[in-house]
Amino acid sequence: HMKLMCDIVALGFQTDKTRVATLLLCRDISGLFYPFLDVRNAHHSASHDDKSEDFHRVTEYYVSQFAYLADRLSKMPEGDGSVLDHSCLLFLNNMWSGSRHDSSKVPLLTCGGLSGRVQTGRVLDYTQKPDDERKLCGLYLSILQAMGVPAEKFGDAEMALAGF
């Protein structure tokens, strides 16, 4: 199901039917089981033991779906590059630590360069920045501005992330 949804997003981008998509691979309180990953716990209960092998396998599976979508887009020619070169994919988890219900920081990945407007191949660490300089909505604002949307604020952020 997840791979099929990634394919639908890729086709939407390739055919230019849309350039904005949200793909929720799993709800936070999902009771999905992953026997094909040799995981015995449901996703949600596995997340409460976020250092366990079960949670590691589930997380790796989700990241592999993100990689699958990125790979599909990278193989679709478009203009002077690929669909991925002209896109920005964002993958994130809503928690840093499920065992502590800590969402004060969230792990995330971006992929694609938005036609050269986003520098790729780097790690940005905002964990030592003050709260107002590391808001997730600041990332969303940064992406909007890179897409050419003249937004001055988004959600609770009134400034884009420095260095994005």
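Between Ser45 and Ala42, the shortest heavy-atom contact is OG-O, 3.1 Å. Between Cys111 and Ala70 the shortest heavy-atom distance is SG-CB, 3.8 Å.
Judged as a ring pair (Phe, Tyr, Trp, His ring centres under 6.0 Å), and not counting sequence neighbours, Tyr68 has no contacts. Applying the salt bridge (Lys or Arg N to Asp or Glu O under 4.0 Å) criterion to Asp132, with sequence neighbours excluded, gives no partner residue. When the side chain to side chain contact (heavy atoms under 4.5 Å, CB included) test is applied to Val83, the partners found at least two apart in sequence or on another chain are Phe13, Arg19, Leu73, Met76, Glu78, Ser87. For Phe66, the ring pair (Phe, Tyr, Trp, His ring centres under 6.0 Å) partners two or more places apart in sequence, or in a different chain, are Phe91. Checked against salt bridge (Lys or Arg N to Asp or Glu O under 4.0 Å), Glu152 has no partners two or more places apart in sequence or in another chain. Considering only residues two or more places apart in sequence or on other chains, Glu158 meets the salt bridge (Lys or Arg N to Asp or Glu O under 4.0 Å) condition with none of them. Taking Tyr126 as the reference, nothing meets the ring pair (Phe, Tyr, Trp, His ring centres under 6.0 Å) condition, with sequence neighbours excluded. Arg40 pairs by the salt bridge (Lys or Arg N to Asp or Glu O under 4.0 Å) definition with nothing, not counting sequence neighbours.
Note: Leu69 CG to Lys3 NZ = 11.5 Å, rounded to the nearest 0.5 Å. With values rounded to the nearest 0.5 angstrom, Leu124 atom CG is found 10.0 Å from Lys129 atom NZ. Between Lys153 atom NZ and Leu141 atom CG the span is 11.0 Å, to the nearest 0.5 Å. Taking CZ of Arg57 as the reference point, atom CG of Asn41 lies at 11.5 Å (rounded to 0.5 Å). Taking CZ of Phe55 as the start and CG of Asp49 as the end, the distance is 9.5 Å to the nearest 0.5 Å. A distance of 10.5 Å separates CG of Leu32 from CG of Leu25, quoted to the nearest 0.5 Å.
Counting only residues at least two apart or in different chains, side-chain hydrogen bond (donor to acceptor under 3.5 Å, both in side chains) contacts with residues 134-146 comprise Asp131-Arg134. Applying the salt bridge (charged side-chain N to carboxylate O under 4.0 Å, His left out) rule to pairs touching residues 80-94 yields nothing, sequence neighbours excluded. Identified under the salt bridge (charged side-chain N to carboxylate O under 4.0 Å, His left out) test for residues 62-74, with sequence neighbours left out: Asp7-Arg72, Asp71-Lys75. Sequence neighbours left out, the pairs with a member in residues 106-123 that pass side-chain hydrogen bond (donor to acceptor under 3.5 Å, both in side chains) are His86-Ser115.
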Going through the checks in order, is the side chain to side chain contact (heavy atoms under 4.5 Å, CB included) test met by Leu108 and Leu90?
CA-CA 7 Å; Leu108 61 87; Leu90 172 65; 4.0 Å; yes

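Cluster annotation: Leu24 is not connected to Tyr62 through the hydrophobic network of ILVMFWY side chains, with a link wherever side-chain heavy atoms come within less than 4.5 Å. Met5 and Leu11 are not part of a single hydrophobic cluster, where members link through side-chain heavy atoms under 4.5 Å apart. A single hydrophobic cluster is seen to contain both Val63 and Val9, as judged by linkage of ILVMFWY side chains at heavy-atom distances under 4.5 Å, directly or through other members. Clustering ILVMFWY residues whenever any of their side-chain heavy atoms sit less than 4.5 angstrom apart, transitively, puts Met147 in the very cluster that holds Val118. When the side chains of ILVMFWY residues are joined at heavy-atom separations under 4.5 Å, either directly or via intervening members, Val58 and Met2 end up in a single hydrophobic cluster.
Counting heavy atoms from C-beta outward, Leu84 and Leu89 have side chains that approach closer than 4.5 Å. Side-chain contact between Leu139 and Phe164: present, with at least one pair of heavy atoms (C-beta onward) separated by less than 4.5 Å.
Under 3.5 Å, the side chains of Asp54 and Ser52 contain no donor-acceptor pair of N or O atoms.
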